[in-house]
Amino acid sequence: MSNVFAEAADWLTDGTHWQGADGVPARLGEHLGYSALTVVIAAAVALPLGLWIGHTGRLRGLAIGLTGALRSLPTLGLLTLVVLWMGIGLTPPVLALVVLAVPPLLAGAYAGVESVDPRTVDAARGLGFTEWQVLTRVEVPLALPLILGGFRSAVLQVVSTATVAAYIGLGGLGRYLIDGIAVRDYPQTLAGSLVVVVLALALDGAFAVAQRSAARA
């Protein structure tokens, strides 16, 4: 086993693996591209809905049930289903990952707004704020740490799971895992896994810093 780790270290320090279309920088760019596209689409769906639920208190039970149901779906199984339905392409993995990213974003948004002190909201209304102003000038700024917490969880899950794109012939860091397993090149598989882990930890750390900064603001 120790040889595999040593060979994975050799693989990562081999300059030829950091060049060209199959090199780590190119695969990393593809992986981040899939992840960013997924989170942007998921946020466009989940954030407005979560803020509205948190502000109005309507459909909260439905949101809790929906986030629980979506979290229970297996990503690879969902990807297979979408591929059978839509065929090969970028849409199936992005759609499967969006389903994975929506629950934490939705939960972070409505839980964040709900956590705002009702007396603060009432005071804003007493000053003549409209409901939109209450939401955007009072509730969202105060809810920002929890909203960022939702982003942190979503990004971490998407980056860790975006390797599934390689199952249907797309790029990303998952290529090292799929190709390595196919030819029993375990050092390559381990090296690819380590890059994914480091990327996820780096992004998680960046969001943790942003979350703490928002909480202190």
Side-chain angles (χ1 to χ4, degrees), residues 1-42 70-83 88-90 92-105 108 148-213:
M1 182 61 73
S2 60
N3 288 338
V4 175
F5 282 96
E7 291 173 10
D10 291 340
W11 191 97
L12 286 170
T13 54
D14 187 342
T16 59
H17 295 143
W18 293 80
Q19 300 172 0
D22 294 330
V24 173
R27 293 302 186 199
L28 181 62
E30 293 170 342
H31 200 90
L32 286 173
Y34 300 152
S35 301
L37 178 61
T38 296
V39 174
V40 167
I41 294 173
L70 291 179
R71 278 174 168 154
S72 67
L73 292 175
T75 304
L76 188 57
L78 181 62
L79 173 63
T80 303
L81 183 64
V82 178
V83 167
I88 298 295
L90 181 59
V94 169
L95 184 57
L97 293 171
V98 164
V99 171
L100 181 71
V102 162
L105 289 168
L148 286 175
F151 268 97
R152 179 183 176 184
S153 179
V155 168
L156 184 62
Q157 292 185 43
V158 168
V159 167
S160 301
T161 316
T163 51
V164 297
Y167 277 103
I168 57 172
L170 296 180
L173 295 171
R175 282 258 56 94
Y176 299 129
L177 279 67
I178 302 302
D179 294 346
I181 291 173
V183 298
R184 296 187 178 183
D185 185 352
Y186 299 122
Q188 174 180 301
T189 303
L190 178 58
S193 301
L194 290 174
V195 176
V196 174
V197 170
V198 170
L199 175 62
L201 291 177
L203 291 173
D204 186 56
F207 271 98
V209 171
Q211 200 174 357
R212 282 198 294 271
S213 299

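The model shown is predicted, which means the values in this text are computed figures rather than measured ones.
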**Message:** Using side chain to side chain contact (heavy atoms under 4.5 Å, CB included), reason through Asp179 and Gln188 one step at a time and then give a plain yes or no.
**Reply:** CA-CA 8 Å; Asp179 294 346; Gln188 174 180 301; 3.6 Å; yes

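- With sequence neighbours excluded, the residues satisfying ring pair (Phe, Tyr, Trp, His ring centres under 6.0 Å) with Tyr176 are Trp11.
- Taking Ile168 as the reference, Leu79, Val83, Ile88, Pro92, Pro93, Leu170 meet the side-chain contact (heavy atoms from CB on, under 4.5 Å) condition, with sequence neighbours excluded.
- Qualifying side chain to side chain donor-acceptor pair (under 3.5 Å) partners for Thr16, counting only residues two or more places apart in sequence or in other chains: Asp14.
- With sequence neighbours excluded, no residue forms a side chain to side chain donor-acceptor pair (under 3.5 Å) with Ser193.
- Scanning all heavy atoms of the two residues, the minimum distance from Ala26 to Gly20 falls at CB-O, 3.5 Å.
- Pairs of residues two or more places apart, or lying in two chains, never qualify as salt bridge (Lys or Arg N to Asp or Glu O under 4.0 Å) while including a residue from residues 158-174.
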**Item:** Chi angles and distances behind the side chain to side chain contact (heavy atoms under 4.5 Å, CB included) call for Val158, Tyr34
**Value:** CA-CA 9 Å; Val158 168; Tyr34 300 152; over 6 Å; no

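- In this structure Glu30 satisfies the side chain to side chain donor-acceptor pair (under 3.5 Å) test together with Arg27, sequence neighbours excluded.
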**Message:** Under the criterion side chain to side chain contact (heavy atoms under 4.5 Å, CB included), I'd like the reasoning laid out for Leu173 against Leu28: C-alpha separation, chi angles, the key distance, then a yes or no.
**Reply:** CA-CA 6 Å; Leu173 295 171; Leu28 181 62; 4.0 Å; yes

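- Residue pairs that meet the salt bridge (Lys or Arg N to Asp or Glu O under 4.0 Å) test with at least one member in residues 158-170, sequence neighbours left out, do not exist here.
- The side chain to side chain donor-acceptor pair (under 3.5 Å) test applied to Arg152 returns Asp204, Gln211, not counting sequence neighbours.
- Counting all heavy atoms, side chain and backbone alike, Ile178 lies closest to Ala166 at CG1-CB, 3.6 Å.
- Remark: Ile181 pairs with Thr189 by the side-chain contact (heavy atoms from CB on, under 4.5 Å) rule, at least two apart or across chains.
- Rounding to the nearest 0.5 Å places CG of Leu199 at 12.5 Å from CG of Leu194.
- Remark: Ile41 engages Leu37, Val94, Val98 in a side-chain contact (heavy atoms from CB on, under 4.5 Å) (not counting sequence neighbours).
- With sequence neighbours left out, Asp185 forms a salt bridge (Lys or Arg N to Asp or Glu O under 4.0 Å) with no residue at all.
- When atom types are taken as modelled, the side chain of Trp18 and the backbone of Thr13 share no donor-acceptor pair closer than 3.5 angstrom.
- Listed by chain and residue number, Thr75, Leu97, Leu100, Val164 satisfy the side-chain contact (heavy atoms from CB on, under 4.5 Å) test with Thr161 (two or more places apart in sequence, or in another chain).
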